[in-house]
**Student:** 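Below you will find the structure I want to go over with you.
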Protein chains: 2
Amino acid sequence: MTLPERTVERLSEYRRSLLQCLEEGKTHIFSHELAELHHNTAVQVRRDIMFIGYSSTQRKGYDVRELVDVIANILDSEKGLNVAVIGVGNLGRAVTTYFVGKRSKLNIIATFDVDTTKIDRVISGVKCYPLSRLKEVVEANQISIAIMTVPADSAVEMAAQLVEAGITGLMNFTTVPLNVPREVYLDEYDMITSLEKVAYFVKSPRE
Amino acid sequence: MTLPERTVERLSEYRRSLLQCLEEGKTHIFSHELAELHHNTAVQVRRDIMFIGYSSTQRKGYDVRELVDVIANILDSEKGLNVAVIGVGNLGRAVTTYFVGKRSKLNIIATFDVDTTKIDRVISGVKCYPLSRLKEVVEANQISIAIMTVPADSAVEMAAQLVEAGITGLMNFTTVPLNVPREVYLDEYDMITSLEKVAYFVKSPRE
DNA sequence: TTGAAACTGTGATTTAATTAACAATATTTC
DNA sequence: GAAATATTGTTAATTAAATCACAGTTTCAA
């Protein structure tokens, strides 16, 4: 049984708030509190939590610690997953520094770039390799996820190489829509599209 | 009549492909071709195009030039919209260099940062202002959209200031969910959540 | 200890988004 | 110029996601 995409996203977000709660010493939380933290509804929260099969001790709200563990159980892989960042421009660096150390089960292992002057440079403790060594490094380190932050014109070629190297999850930050085999999970995020969407709704507000 | 969010997103994506087609001298395109470029279906494309009220000369496909114009008419504001980037870290710089010049109707006018050493620095032709001058600069330049790439701990405060300054569209790249008045359009993108989602589907592929 | 109040868990319903199905129409072929 | 083919536009059906509505706890207050 796989969860709905939106639920997975929200669980990830809930977890962050819950960890925050733990730090603040809050041990229990109500669905409506969690909802408020994420501008959605209490029912939605309960429904999401129902999906993962957790139940609260009624009337006290959810046990934060327990809920965090249940979510971790759903989202995290037991041994963790290894990640590579492809392309060390501004965005690649942002992503790398951003992620390192944030989630113990997602390890950024390497970055890659064509620019030979960047080779061996270390960003937030992560070393940069030449793209020529992609397959070798991916295999040696069992990297399964790639985050692509390369220029648009090399995106398609790069994606092919990544698939060839054995990647099974791909986050595409380029503006080029990619085609990958179905067994590779692809998440595309296109900033220009997002900005244009914001612009549209600024111009034509709903209702 | 406002369009469905997803349709707006896809229109933005279609436009990019269509502009590409124009450059290549392609004057007409079929729904299935456009679909293939964006890994979705021909019906979906036709439905989206139906929403914006455009019709093809049948059997020849859509006139690329005309379609681009119709989409521009829907997505773009006549006089363009002005945009500011808040926070000039790696991500802020990435976003700025990324956008500048990409869309004539979306002008990045200014960046802002607390770090006084960054003031007056110019990135891709865009000048950095101190946050203390936010309201003044926003008003003087009629900036209506803000892209937030600040650290998590200043996100909430920052959003409040932006709303106060008169922003009506907000792209939030921090991992903190924000609450803004309903008249402000909010788009949130959370990289950690996206990565965790990819990780989940790598671990638990669908079907 | 009875009753009111506060939450949760979940079937039923609604809404939004996608996909299927097909008539209508233009183009090509013979 | 009739038949076959390719493509669109749209109604209807399906699927996915969100919301409503409410019964079933547990707790608290009197």
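Small disclaimer: the values here were computed from a predicted structure and weren't measured. In what follows, chains carry the letters A, B, and so on, assigned in the order in which the sequence lines appear, proteins first and then strands, with residues in each chain numbered from 1.
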**Student:** NA contact type, A:R6, heavy-atom cut-off 4.0 Å: base, sugar-phosphate, or nothing?
**Tutor:** sugar-phosphate
**Student:** Applying side-chain hydrogen bond (donor to acceptor under 3.5 Å, both in side chains), name anything that partners B:E23, two or more places apart in sequence or on another chain.
**Tutor:** none
**Student:** Can a side chain N or O of B:S55 be found less than 4.0 Å away from OP1 or OP2 on D:dG9?
**Tutor:**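 For D:dG9, OP1/OP2 do have a side-chain N/O of B:S55 under 4.0 Å.
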**Student:** Under the side chain to side chain donor-acceptor pair (under 3.5 Å) rule, what pairs show up with a residue in residues 140-166 of chain B, not counting sequence neighbours?
**Tutor:** B:K135-B:E164
**Student:** Would you say A:R15 and A:D76 make side-chain contact, with heavy atoms under 4.5 Å?
**Tutor:**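 Answer yes - side chains close enough.
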**Student:** In residues 27-39 of chain B, which residues come under 4.0 Å of DNA chain D by heavy atom?
**Tutor:**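 Within this stretch, B:F30, B:S31, B:H32 sit under 4.0 Å of the strand.
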**Student:** Look at B:R47 and D:dA12 and indicate whether a side-chain polar atom (N or O) is within less than 4.0 Å of OP1 or OP2.
**Tutor:**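 For B:R47, the contact criterion (side-chain N or O under 4.0 Å from OP1 or OP2 of D:dA12) is not met.
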**Student:** Report the residues that fulfil side-chain hydrogen bond (donor to acceptor under 3.5 Å, both in side chains) with B:T97, sequence neighbours left out, ordered by chain and then residue number.
**Tutor:**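 For B:T97, no residue satisfies side-chain hydrogen bond (donor to acceptor under 3.5 Å, both in side chains) once neighbours in sequence are set aside.
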**Student:** Rounded off to whole Å, could you give me the CD1-to-P distance for the B:I52 and D:dT10 pair?
**Tutor:**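 Taking atom P of D:dT10 as the reference, CD1 of B:I52 is at 13 Å.
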**Student:** Tell me whether the count of non-hydrogen atoms from other residues, nucleotides or ligands lying under 6.0 Å of NZ in A:K60 goes above 12.
**Tutor:** no
**Student:** Between P on D:dA18 and CG on A:N40, what's the gap in Å once rounded to a whole number?
**Tutor:**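 Between P of D:dA18 and CG of A:N40: 9 Å.
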**Student:** Hey, which sits more toward the 5' end of DNA chain D by its nearest nucleotide, A:R46 or A:P4?
**Tutor:** A:P4
**Student:** With respect to the side chain of B:Y62, which nucleotide from D:dT8, D:dT19, D:dA17 is positioned closest?
**Tutor:** D:dT8
**Student:** Whole Å only: how far is the CD atom of B:Q44 from the P atom of D:dT8?
**Tutor:** 14 Å
**Student:** Specify whether A:F112 and A:Y129 have parallel, tilted or perpendicular ring planes, treating 30° as the upper limit for parallel and 60° as the lower limit for perpendicular.
**Tutor:**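 Tilted, since the angle between the ring planes falls between 30° and 60°.
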**Student:** Please say whether more than 12 non-hydrogen atoms of neighbouring residues, nucleotides or ligands are located less than 6.0 Å from CD in B:E36.
**Tutor:**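 Result for CD/B:E36: open.
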**Student:** For DNA chain C, note the earliest and the latest nucleotide, 5' to 3', having some atom under 4.0 Å of a heavy atom belonging to chain A.
**Tutor:**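 The contact span of chain A on DNA chain C goes from C:dA5 to C:dA12.
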**Student:** Let me know the distance between CZ of A:R10 and P of D:dA17, rounded to the nearest Å.
**Tutor:**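 After rounding, the gap between these two atoms is 9 Å.
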**Student:** Identify, with sequence neighbours excluded, every residue that meets side-chain hydrogen bond (donor to acceptor under 3.5 Å, both in side chains) alongside A:Q20.
**Tutor:**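 With neighbours one apart ignored, the set is A:E24.
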**Student:** Under 4.0 angstrom, heavy atoms only, what part of the nucleic acid is A:T7 near: base, sugar-phosphate, or nothing?
**Tutor:** nothing
**Student:** Please figure out whether A:K60 or A:V43 has its closest DNA chain C nucleotide nearer the 5' end.
**Tutor:**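 Looking at DNA chain C, the more 5' nearest nucleotide goes with A:K60.
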**Student:** Give the rounded distance in Å between these two atoms: CZ of B:F51 and C1' of D:dT10.
**Tutor:** 12 Å
**Student:** Would you please classify the geometry between the A:Y185 ring and the B:F201 ring as parallel, tilted or perpendicular, with 30° and 60° separating the classes?
**Tutor:**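 Aromatic pair B:F201/A:Y185 classed parallel.
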